[in-house]
Amino acid sequence: MKKRWDIFCKVVDNFGDIGVCWRLARQLKTEHALDVRLWIDDLQVAQRLIPTLDLAATTQQIDGVNIKYWHAQADFSDAAEVVVEAFACGLPEAYVSAMQLQQAKWVNLEYLSAESWVKGFHAKSSPQPSGLVRHFYFPGFTAATGGLIRERDLPLPVTNSTGANHTYQVSLFCYPHAPVDRLLESMAIGTQPIHCYVPDTTILTKVEDFFGQGNLKIGQTIRRGSLTVEVLPFLSQTDYDHLLTRCDINFVRGEDSWVRAIWAGKPFIWQPYQQEGAAHIPKLNAFLAQYYQAMPFAQREAVSAMHLAWLDITFQTEVWQRYLSALPSIALATQQASHALYSQPSLASKLVIFCNNL
Ligand code: TRH
């Protein structure tokens, strides 16, 4: 059993890198009793998800995880037995030398995708000039991949009633190029009352533009037609997870909030991270085909149309209305699909077995 693990996290942009690494670090510590150091190169971004993080401390312990500030002058002389390089972030040269002495096991944690090529690349290895071997670990949705990040004690997702006369609670987290104004307009003109929570992110200006009101404040609510928008602070990761479980519909993006929406088990619309050559479109389609495979055709059509419209500035109100009309059956299918994934071993437990067998 290899006890000492290091995770290296470079915050490239957004919150997904730290979001995934922080979750994984805590699970390795609390569920597998490993000694985990999490190296983070940008404490300021990390602090938004982990509010108790001290920006001035180069070493600190939170939830049992030893968080190290990753900077050029840090001491890299002591390598762990297992090293997780998140998203090909690159390891410091001095640290790789220390890994050679230690004969450390080296795993690169890749991005999540439901595409079929993933199973062919998962667990492949690449010998390095240093004599070390780098292994590729792909998260995924099937037994042939590295699994999905999920806490061991996470309750099974449950569905709220989405019956008539119920105000739908919606959470909205997306990239700023999403057709936010058209979505809000569709919500405002519909007959279904909607309460939309918007955590403070880069889309706030788009919300302000829609209401024609600058400088929306945290905690403020604002109404138009059937729509009420409530501005939330940027939440801690734990509070954000709770928000997703409370809402009837979640708009999520990237990687970590996407997986979290799956575990919340509520209908969700995922906006993939935009990639060069529109590589995010096959990624989206592969996920929809995989996740909703058991869903009746008409509902699958409504879900798929909604996801594609959400990528497009010509977003049509009818697509949103069709989605809402199908919501009770989408909710049921979402819960079933999430339950099916829940029965698979989690990423952290598969990763521990994988690394112990290296
Ligand atoms: O921020 P993201 O767009 O991250 C992305 C993706 O990971 C993408 O694949 C990657 O290439 C790019 O970063 C670099 O979306 P994601 O992955 O959902 O991460 C957001 C994290 O922020 C997630 O852990 C949830 C958390 N969060 C909060 O803690 N509080 C909040 O209020 C909100 C809105 C999010």
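Here the structure is a predicted model, which means the values were calculated and not measured. In listed order, ligands and their atoms are each counted from 1. Counting begins at 1 with the first residue of the sequence.
- Ion pairing between a basic and an acidic side chain is recognised when a charged N comes within 4.0 Å of a carboxylate O; Arg37 and Asp6 show such pairing.
- For atom 25 (C) of ligand 1, the nearest protein heavy atom (residue, atom name, distance) is Tyr240 CD2, 3.7 Å.
- Among Phe173, Tyr197, Phe15, Tyr111, the residue whose heavy atom sits closest to atom 34 (C) of ligand 1 is Phe173.
- Within a 6.0 Å radius of CD1 in Ile313, other residues, nucleotides and ligands contribute 12 heavy atoms or fewer.
- Contact annotation: for Ser257 versus ligand 1, heavy atoms closer than 4.0 Å belong to both the backbone and the side chain.
- For atom 2 (P) of ligand 1, the nearest non-hydrogen atom from the set Arg253, Gln275, Gln271, Lys283 belongs to Arg253.
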Open item on the list: Let's go through Gln60 and Asn66 carefully: what are the C-alpha distance in whole Å and the side-chain angles of both, what is the deciding distance for side chain to side chain donor-acceptor pair (under 3.5 Å) to 0.1 Å, and is it a yes or a no?
Closed with: CA-CA 6 Å; Gln60 60 196 299; Asn66 189 355; over 6 Å; no
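- Remark: minimum distance from atom 27 (N) of ligand 1 to any protein heavy atom is reached at Phe234 CZ, 3.6 Å.
- If you number the atoms of ligand 1 from 1 as listed, the ones under 4.0 Å from a heavy atom of Ser236 come out as 29 (O).
- Counting only heavy atoms of the protein, atom 23 (C) of ligand 1 lies nearest to Asp256 OD2, 3.3 Å.
- The option from Trp258, Tyr175, Trp22 that lies nearest to atom 5 (C) of ligand 1, judged by heavy atoms, is Tyr175.
- The shortest contact between atom 14 (C) of ligand 1 and any protein heavy atom is with Asp13 OD1, 2.8 Å.
- With salt bridges taken as basic N to acidic carboxylate O contacts below 4.0 Å, none links Asp63 and Lys29.
- If you number the atoms of ligand 1 from 1 as listed, the ones under 4.0 Å from a heavy atom of Asp17 come out as 14 (C).
- Under the 6.0 Å cut-off for aromatic ring centres, Trp270 and Phe251 do not qualify, their centroids lying 6.0 Å or more apart.
- Each of the following atoms of ligand 1 lies closer than 4.0 Å to a heavy atom of Gly19: 24 (O).
- Judged by distance alone, the side chains of Glu230 and His195 do bring a donor and an acceptor atom under 3.5 Å apart.
- Taking the charged nitrogens against the carboxylate oxygens, Asp75 and Lys68 have no contact shorter than 4.0 Å, which rules out a salt bridge.
- Considering only non-hydrogen atoms, atom 26 (C) of ligand 1 lies nearest to Leu49 out of Asp241, Asn14, Leu49.
- Regarding atom 32 (O) of ligand 1, its nearest protein heavy-atom neighbour is Leu235 N, 2.8 Å.
- Salt bridge status for Asp78 with Arg4: present, with a side-chain N to carboxylate O gap under 4.0 Å.
- Ion pairing between a basic and an acidic side chain is recognised when a charged N comes within 4.0 Å of a carboxylate O; Lys105 and Glu85 show no such pairing.
- Residue contacts with ligand 1 leave out Val12, since none of its heavy atoms falls under 4.0 Å from the ligand.
- Neither the backbone nor the side chain of Phe87 has a heavy atom within less than 4.0 Å of ligand 1.
- With respect to Arg260 and Asp241, a salt bridge is recorded, a charged nitrogen being found less than 4.0 Å from a carboxylate O.
- Distance from atom 4 (O) of ligand 1 to its nearest protein heavy atom, with residue and atom name: Gly16 N, 2.9 Å.
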